[in-house]
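Labels below follow one simple rule: chain letters A, B, ... track the order of the sequence lines, proteins then strands, and each chain is numbered from 1.
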Amino acid sequence: MTIRTRFAPSPTGYLHVGGVRTALFSWLYARKHGGQFILRIEDTDRERSTQASVNAILEGMAWLGLQSDEGPFYQTQRFDRYHQVIEQLLAEGKAYYCYCSKERLEKLRVMQLAAKQKPRYDEKCRKITTSSDVKGVIRFKNPKVGQVVVKDLIKGNVIFNNSELDDLIIARADGTPTYNLTVVVDDWDMRISHVIRGDDHLNNTPRQINLLQALGAPIPQYAHLSMINGDDGQRLSKRHGAVSVMNYKEEGYLPDALLNYLIRLGWSHGDQEIFSRQEMIDLFDLTAIHSSPAAFNTDKLLWLNQHYIKTGKPEEIATHLQLQADPSGPSLAEIVKVQAERAKTLKELAENSHYFFGESVEFDNKAVRKHLKPAIHAPLTELCERLAQLSDWNAEGIHATIHAVAEQYDIKLGKIAQPLRVAVTGGAVSPPIDVTTYLIGQTRTVERLKRALALIGEKNES
RNA sequence: GCUCUAUUCGUCUAGUGGCCUAGGACAUCGCCCUCUCACGGCGGAAACAGGGGUUCGAGUCCCCUAUGGAGUACCA
């Protein structure tokens, strides 16, 4: 049997991390077994579906590199097929028109709730012989007795009594089909072998199985993933920061880091934390998935992100960097190389690297006050002159020069390195000073040193 | 309310009846390295939700309670 999985989001909002995780697991399962991964947009709710959301989903999937083998399919383009199935159900007496008003249904619901019962349709219209020219919804005749066993690959056997289920609506009064009908038809038509989705759908599964059986369609395998909660254990929402995957891109996360983080949420392979894409594909297994919900922890994501920034090819990482390079300055790859270990995100890396470019630096007052004191004026002047005359501009030469000046004035390395750092970067933090100075370049270094010296001079006079 | 589902350090998890004095990772704390910030190295603190069973033996199996999550729509 060929493995066919699908990711079927409804375009009513952005693609969020929970959705990405189900997409990842489905994608992985198909890849691992040499099967197909299908993308299907469930847009039957025309009121709430938007093109912007469709774009966000497509964009997110592309950014993460979760390519589909088939699709995207749009349910709104398959209405003819759904109507055909609904007609068949009607003709076979497996579905019926219902003319109950929303008011009556609401009243019924309130009464049942008051009687501490589960709200459900009372089948009033089930026996009425109908004519399709009166406007009404169409309901599926759910079996009244027996039980449905959902053989879930993650949760195990989950048993539902048919007496708990009611006759669900498969077509609205305006004739459009509803979710439970469309998924069933699509999963059948698209020959989906494994339905991997969030466990918010677990309760729908027995209804879908009944529908599938009424249609004589095969029952796919099911795997329901637990939900992802926020840091506080509560349901993930806007409160928890980034909700859309594209926010993660903007915040400077690498796709591989996000995916690696997500795969370890509810799934594990012993104590292994780092997984390359190929390892994910090779080692992934539905049976190793945890059935309990997990809390999203940004700190760990940050750690993984830095890991990927540090270990990735600098040239590759540089392509994700949003920083304006200057032809007269170092390459972005060189900057990634020296900054990787002091940045958890690409955004942070870029923000801390402006001093490698441009004509002037922005001085951090606190750093200036602490390190650019009158006493350092003489050594720094000496250093400036020597650096200006350095014929071979490289880190080693710069390093030796700084040491020589420190020795000459009998001061500790830090006493000269920090003032130099503030002079060339504007602040007290940067990669090793020799490397930093090297990358900034001789001309700029000397210019900036002169300006810093002038600054000390002014302070001296005032 | 009802139905379904879950519960190991703060967080993600290992664990499938004796290997558990419960392991790893993130975060946290201390020390080392050091020109800054980091990275890195070493070390510490930190958990089987509670109660009953079953068993020679339970984190692991069963039941109850508590707590969390999901569903209960002419949403998906």
Q: Verify the contact: side-chain N or O of A:His290 to OP1 or OP2 of B:A14, cut-off strictly under 4.0 Å; return yes or no.
A: yes

Suppose we define a pair by two distances each less than 3.5 Å, Watson-Crick or G-U wobble; what does [N] pair with here?
N: B:U67; answer: B:A6
N: B:A58; answer: none
N: B:G1; answer: B:U72
N: B:A14; answer: none
N: B:A22; answer: none
N: B:A45; answer: none

Q: Give the rounded distance in Å between these two atoms: CZ of A:Arg197 and P of B:U5.
A: 16 Å

Q. Which letter, B, S or -, goes with each nucleotide of nucleotides 71-76 of chain B from 5' to 3', with contact meaning a protein heavy atom under 4.0 Å?
A. BSSBBB

Q | Per-nucleotide protein contact string for nucleotides 22-37 of chain B (B base, S sugar-phosphate only, - none; heavy atom under 4.0 Å) | A | -BBBSS-------BBB

Charged N to carboxylate O below 4.0 Å: is that the case for [X] and [Y]?
X: A:Arg386; Y: A:Glu382; result: yes
X: A:Lys141; Y: A:Asp166; result: no
X: A:Arg40; Y: A:Asp187; result: yes
X: A:Glu334; Y: A:Lys337; result: no
X: A:Lys313; Y: A:Glu316; result: no

Give me the distance, rounded to whole Å, that separates [N] from [M] when you measure between the [atom1] atoms they each carry.
N: B:C4; M: B:A46; atom1: P; result: 40 Å
N: B:C33; M: B:A27; atom1: P; result: 22 Å
N: B:C9; M: B:A49; atom1: P; result: 7 Å
N: B:U65; M: B:U28; atom1: P; result: 41 Å
N: B:A58; M: B:G18; atom1: P; result: 12 Å
N: B:G50; M: B:G68; atom1: C1'; result: 15 Å

Q) Is the closest side-chain donor-acceptor distance between A:Asn161 and A:Ser163 under 3.5 Å? A) no

(Q) Taking the minimum atom-to-atom distance to the side chain of A:Ala295, which one of B:U11, B:A14, B:U5 wins? (A)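 Nucleotide nearest to A:Ala295's side chain: B:U11.
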
Q) Taking the side chain of A:Ser292 as heavy atoms from C-beta outward, which of B:U13, B:U7, B:A70 is closest to it? A) B:U7

(Q) Given the ring of A:Trp188, does A:Arg6 sit roughly above its face, with NZ or CZ under 6.0 Å from the centre of the six-membered ring and within 45° of the axis? (A) no

Q) Could A:Arg139 and A:Tyr121 be counted as a cation-pi pair, given that NZ or CZ must be under 6.0 Å from the ring centre and within 45° of the axis? A)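 Judged by the rule (NZ or CZ under 6.0 Å from the ring centre, within 45° of its axis), A:Arg139 counts as positioned above A:Tyr121.
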
Q) Reckon A:Gly266 touches a base, only the sugar-phosphate, or nothing at all at heavy-atom distances under 4.0 Å? A) sugar-phosphate

Q.
In terms of relative ring orientation, are A:Phe296 and A:Tyr248 parallel, tilted or perpendicular, with 30° and 60° separating the classes?
A.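 The rings of A:Phe296 and A:Tyr248 sit tilted, inter-plane angle from 30° to 60°.
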
**Q.** Parallel, tilted or perpendicular: ring planes of A:Phe275 versus A:His269, cut at 30 and 60 degrees
**A.** perpendicular

